[in-house]
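Excluded from the calculations below are hydrogen atoms, water molecules and symmetry mates; all remaining heavy atoms, backbone and side chain alike, are included. On a predicted model such as this, the values are computed, not experimentally measured, just so you know. By convention in this document, chain letters (A, B, ...) are assigned in the order of the sequence lines, proteins followed by strands, and residues within each chain are numbered from 1.
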Amino acid sequence: MNIFFLSIALGMCFLMLFSLYRAIFGPTVLDRLVGVNAIGSKTVILLLLIGFLYERVDMFVDIALAYAFLNFVAVIAASRYFHKRKGLYEESFMD
Amino acid sequence: MDNYPALIVVAPLLAALFAGIAAWIEERLSYPIAVIGLAISTFSAIMTLMTVIASGTIHYRMAGWAPPMGIEYRIDLLNAMVLLLVSGIAFLNLIASYKSVEQETSDRAGSFYTIYLLFVTGLLGVTATGDLFNLYVLIEITSLTSYAMVALGDKDRGPLASLNYVFIGVIGASFYLLGVGYLYLITGSLNMMDVAGILPALKGSSTVLVAFILCMIGVWIKMALFPMHVWLPNAYSYSPVAFARMVAPLMTKVMVYVMIRLMVTVFGFEYIFETLNIADAVVWLATLAILAGGVMALAQKNLKKMLTYIIVCEIGYMVGGAWMGNQLGMTGAILHILNDAIMTFALFLAVGNMVYKLKKVDLTDLKGLFGKMPWTMTGFVLAAFSIIGVPPTCGFFSKWYLILGALEKGAYHFAAALIISSLICAVLFFKVFEICFFEPMSEGHGHGESHSQVAIEEAPISMLIITGFVSLSLIVVGLYSGTIVNTIILPFLK
Amino acid sequence: METIVSVKPLLAVLVTLFVIPILVSSSSKPNVRESWIFIAGTIKLLLVLSMLPVILEGKQIVLTLFEIAPGAAIAFRVDGLGMLFAIVAASLYLVTSVYSIGYMRGLDEHGQTRFVSFFALAISATIGAAFSANLMTLYLFYEVLSLATYPLVTHHQDANSRLSGRRYLTFILGTSIGLVLPAMIYCYSVTGTLEFSTAGIFAAGELSKPAATVLLLMFVFGFAKAGIMPFHTWLPAAMVAPTPVSALLHAVAVVKVGVFSIVRIITGIFGVELLSEFNLGVMVMTIASVTILVSSCIALSQDELKRRLAFSTISQLSYIVFGVALLTPQGLLGGVIHIAMHAFGKITLFFCAGAIFVATGKKYISQMSGLGKKMPFTFAAFFIGALGVIGLPPSGGFYSKWNLILGTLEAQQTIFMLVLLLSSFLNAFYFLPIIYKGFFGKSEEEGDGPVKIQEANLCLLIPLMFTAFISIVLFFYPTVFVKLINIGLGLL
Amino acid sequence: MHWPIDLIVLTFVIFCAIAAISVKDLLGTAILFGAYSFMMCLLWAVMGAVDVAFTEASVGAGVSTVFFVAAVFRTSRRTKD
Amino acid sequence: MTDLLPLIVAKYNYWLYVILMMIGLYAMIAKNNLIKKLVGMNIFQTAIILFYVSIGYKKDATIPIIQSAHGGGHGAHEAAIHAADYINPLPHVLMLTAIVVSVATFGVAMALAVRVYQRYQTLEEDELRMRLSEK
Amino acid sequence: MAVSNKGTATNNGKSRATFINSFFSFLITFILMFLSWIVLSGKFDPLLLWLGGISSFFVAYYFYDLLFPSMEENYIKIFFKFIIYTPWLILEIIKANFHLLRIVFHPRMNELIDPHIITFKTNLKSDIAIATLANSITLTPGTITVTADSDGVFKVHAIDRESAQALPGTMLKKVAHVFGEDI
Amino acid sequence: MRVLAFIIVCLTGALLLYGTGEFPDWGDPQSPASVHLSNVYIEKALEQTQVPNLVTAVLADYRGFDTMFETAVVFCAGLACFLLLRDFREKKERYYRHTPTGVILHVKDSKKIIKVGKEFAHMDKNWVPSDLIIKSVCRILIPFIQIYALYVVAHGDFSPGGGFQGGVIFGSSLILLAISYDLKTLVRRIKEKVLGIWAAVGVLIYVGIAAICMPMGGNFLDYSVLAPLVWDPHHVRALGMLGVEIGVGIAVTAVMAIIYINIVSEGRHEEGL
Amino acid sequence: MNILVILFLVIGVFFFLGGAIGIMRMPDFYSRLHPAGKLDTLGILAMVMGLAIYNLHHFSYEALLLSLKMFLIVFFVFLSSPTATHSIVDAGMRAGLRHWTKKKGKG
């Protein structure tokens, strides 16, 4: 079963590459944000899988949970930036 | 009581926290709390020094765990001396700073004292600890507090200077941390004595070599040895006076202490001077540092900046002395830690008094200062003489040992650099003296009798007393330097 | 040699130091202030004199204060040479302090408190240098003296004194840090001690001849207060100082400390034997001779009285160096005793110059025609002082020059004897015209001066007459000094 | 056992680091920096450093990014390199 | 090829930490934007953490939390604990501290950057230098 | 919450009602918190339970008004209705996800999709209801809520016509039912 | 500059790579680092401290002194941000919003003060109405995040996490509150003063627990001497660690909030993100 | 039992794969959000379900609570993921990012 988990995990890593591509090459900042958000959800699962690989999943659930929380906070914060500072590329009106 | 070693460090920390709380509740309480904390710390330092002199090295186990497992405070003669130096100077400076803090950061004085105490805690911890990683954490405390303070001083340029300081400071600390990592990897331990016990078996290892180089580069960056000095002048000259007076004498000195500690205790002379052949190169670097520091100081137009470049120059002294690889040079370096701390402190005290009255200390602002602030200037002159190396003041005696060490090693270039830097310092300070002495004050100048009737506008008495005390101690320490060498430094080196 | 431990040397040094706070605190009451100076000076002289009998018995007084490093302590040792120098300095300090009261008040100078305080500091350092037991202590007081005199030299705080002060420090501090310090440290690193001893501190074979030559040159030039030729220019420059400073410090204390140091180096560090062995005396003598002759010639061309005196001083100082460098008993005696003889002579001359300046405001020799008639006492004293400097009887100067010439004969250095004679001739040539002018010249501004020119006030007059008197006395009774020198140099 | 994941994630981390410092928009840097922290957290977890991973998750992904965005919010997104 | 893979696996972490550190250091020195420099700083610090954590890793060992049969509370230590079964906890401890220090530094540095921007309205180093020399 | 007994005795019934309201929301929050503590902790050590109690109290004390700002609504009823609503939602989500998968894997994707924005108005009043609907819309693929303001106006980005046509439809009814509001 | 940087970087890299040459393999159980000291920790820690999480045991007990200063560093950072950015000055221009109608008033005269209460609310240029969906979801999430954070603090002994992580998560819950509502809400709920005091108190708990050991007759931080004070002397070290972790958690929470508030509002405590 | 776990996990990976491909292939930012936000959410649900079942392999009281805890993650993700998605879309709208339309895409 461990081999299976490992291969699933590797598959997730492979899938992460797509999100990473979007995060790195995304034409706009928001595309990057989408990419990072997607990476975040994959990471949660990966963490759990690693937990199973270590056979100590009880310890890894905490991390995954915290991870999910904080990813959310970060994404909200980054998107709130656009609520206050309008404009995708140029500087906003402030001062 | 056996807990003095811990108390030295913990007292300021506790005081810092109480002062931090007091800053929100009743700000006036912060100052007395800070004073009490540092007084306890100083007292403990004195007691520790006496114990160490009487009965040898103290091993204090934090949390009661035996050294390689737990963190140990290992206080030998060198530590004890530097501890007393740090806590004493911090204490004296705190007493002198009340008025200038009131003037500069009146609306957040409580927080200022908190940061101040945390900084002292960091320095004391760096000095006392016998654990390589603990050292790193404490270095970071000192750095973090200094970043804040530097930015707080000069409203215009402070933040930028501070940010540059952050970058370089982090690089320095990280290099040190990497070095510790390499050491840990190869020895599996973090305790200095333990590592020192394991290292001789690994003499030829490239990892140890890299670890050593990394540690040294890290410490050099933190102490602003010549090519890595760029952060220091701005950082120190833009910080608030009350803080500059402490950071300038102590920070770099403590880092030099760390370097000596690493060299003497952890890696050992044998490794550094027999296995490696980089001592000559480092001494050359120190020589360059001395000359460059002096020359750059000559170009400055602001008194504070000028003094900071002199610090760069003085660091060259200590590094060079420590890397001589003989007892005389090391004696000189250690003695110079003490002396340089006191004399820089005296200088900055005097400058602080000037800033208190004049607000800015470009050289042109100093006209007629001898008439205006005679006592301050007396202190300044004494300190300056000490930096130049005029005999009864302490600066001469450490220079004496340094040159002796250089001659013994045959590093004539270093000896020459020491002499030249003395001359440069003489030129520098007499340039200042001339301005203070000859040029009439900008307002209402006259000739003849009017000079002696200049209204004397001295700094507050608390500042003056400390200035006077420290200036006099320059001479006292100088005269007793033989005693210091015999009771503290030589036994330590043996 | 028997030694006695006593705090007297320390007290002698400190007494003027301790009085400084009192001086500062009584700055608003000049009379109180000056009486304190007087008291301190007297105590100091008495302390010095109280040690005299002990020294004359052939004992030494020692006191170690701080052990800096093995063999290099801050320590005092009173021997004959030091005693001689200390007596001269202490007694002249007393005289000068009286003189300076008159001078400073006469000119209504500013910053008198500062002036007297640093004066006291300077004299402390001078006595300290005289009593030093080793090179470290000597160097210490030498430096203190340099720095203490800076505010005195630049007392006027104007552009001129600023320049002079700069030159003064450049030469004094530059040479002492740049030359003496390395040389001293080298000595220490070779021998492990800096203690003066008549046999020298270098063990046999520790020093090669080239090294010794370089070291000696570093010392001789390094003690720039001695005014050896390329490093002499500070002295004329320092003449911008008020005259009491020029008188005491630049005729007695400061310059003599320089010379005294060189004497100590030659007799106490290298030792006469070593230098004779390496034949280095001749080299120093040559340097000294050049200084003597050149500065005498320059003195001839100076119109400002004090500058002329300054150049005279330079040449006279080199006499002392010259004498010591002869490395023969006679030469040593002559050289060292010239410290005293020249001191009394030259201080008289400076006093006179100051008195003239106070009384008439004249600084230049060319203005002084006919003044002698109005200021007869001053000019008489000037005459005696000049005799002393030239080396003619009945002044003490004769005694030293006589010994010097004997010394050259003893060392069989005939050429150098000619140098001495020639320079004495030159001395006569630049002093006697002044006196001639003063007494017999025609007064230029007869009658048109609004103020009638007369003798300066008593405070000025008494000291100069006193020193002139002593100068003559020394011609007849130099025995005490001679004995001190003989004891000091171990010649007995 | 874990080395394949370690290897791959480590490579991703390098990509992220390079991207984070070469993006010409500070907000983009902030976001990529967050991604970098995610990867790092994963890496620590792979290496069995659970506490470090936890800390990295909370600090790197959480507050660090938020501070970063806040700072960019108060300063400017503009960057020349 | 068969020899290469174990070698790569054995040193891969150490090599990549060096590369990461170089990236961070390069950003800190060469980048023009202050905040970019800060990112470089953080990458640099993370590289060090990577190094330490790599030191601590042990093959075939589990995470450094002692496993008890029923996970039950305090003091349940039945079986003997073998050191080889658990990953070295010490580097983790050190790195926790290092992370905390780095986030503290990061916060302060951000505050400083905000202050710099308030004062000069730019974060580009060359522009800052220009502003400074203007005065 | 920090209203003392003394204060309520003198005041009229309104403040007493407020107090009771806040007390109830405090209590519910506390229980909820404590339950989640137990789920998280998984240990029944007395010390940890005590700590859990203290923590729950702490959170409930300071933030009771976040979860349940007022006691006007019948939370328990809503809760059960919501439980019933959830499986339907999940089913819907799964159904719609396959739809999205089809789009994604379709070789000529660009022909299938036709992004556009639709706006519609609902009569939902409470924030929670609006938020639930918005999130439900977002979760069911093909549509993402762009904005939803307190007047119940929704702006939805739909990826193709098919997804858009389903709106607001059944989902609105269900949500309204859960929260007891008119459509 | 770039070339220079490149050279420096390459030199450093080369140096470090040179050092790696003699490294033991990655994951080698026999490397010096894994045998010398760590074995002692692994084998003795549970027995000596009763804490199964070795990292916590080492962190808060064996090397508790480090951690104390680590907390001090955090405190220091918060204080530094406060000192650097906090701006107490009165604003000249002020904006008000009439809550019922949503009309925005712009007051340029600094003397004119509108009473802020139910009708009017402060705002500033950055003000935008807070998003309803985010707001209501976060409202539900925040208490759960907080209880989770507290759980993490309390379970530092058994599972990963501890004071610092818990503190950070709690801090981010406060930050989330500030983001989803607005900064004013956070500042109103938790006063700046309270945050400042708590930051210090948190560290003080740590240092206090450590310092109390000294008058009790032990060394600094030696929890074992506290046994008479606690109800479960067998676990005194674990309890000591728990106390310490709580202190850390409090300090970190407060500091994270302080840093965020000050950075995002430039120290004016107005609108943030 | 294991078959169920494998099934769930494979389904989850399949959803994730869809998300990943979608992120790559979709023409504009708004449409990319659809797969990113939703397929991933469902993927998480499926995979956590699988893992939770696997966790209950050796049934015990603790394991049950642990599986519950895993579902806490799912609960959380179901709350936060749409909110995050919505927030990003809103940000895009406010930033003035125009969405891709068919005509434009073809033209």
Original post:
In Å, rounded to the nearest 0.5 Å, how long is the span from CD1 of G:I140 to CZ of H:F76?
Top reply: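 The CD1 atom of G:I140 sits 11.5 Å away from the CZ atom of H:F76.
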Subject >> Residues in ring-ring contact (aromatic ring centres under 6.0 Å, His included) contact with H:Y54, at least two apart in sequence or another chain >> reply: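 Here the qualifying residues are A:F5, A:F52, H:H57.
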Original post:
Under the salt bridge (charged side-chain N to carboxylate O under 4.0 Å, His left out) test, which residues partner H:K69, sequence neighbours left out?
Top reply: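 If we apply the salt bridge (charged side-chain N to carboxylate O under 4.0 Å, His left out) test to H:K69, skipping adjacent residues, the hits are A:D62.
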Original post:
Which atom names give the shortest non-hydrogen contact between G:D131 and H:D90, and what distance separates them?
Top reply: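 Closest pair (atom of G:D131, atom of H:D90, distance): OD2-OD2, 2.8 Å.
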Subject >> Partners passing side-chain contact (heavy atoms from CB on, under 4.5 Å) against H:A20 (at least two apart in sequence or in another chain) >> reply: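 Only A:L15, A:F18 meet the side-chain contact (heavy atoms from CB on, under 4.5 Å) criterion with H:A20.
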Subject >> Contact class of G:I134 relative to chain H, heavy atoms under 4.5 angstrom >> reply: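 For G:I134, heavy atoms of backbone and side chain both lie under 4.5 Å from chain H.
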**OP:** May I ask you to list the residues in residues 144-155 of chain G that approach chain H closer than 4.5 angstrom, counting heavy atoms only, ordered by number?
**Re:**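 Listed by number: G:I145, G:Y151.
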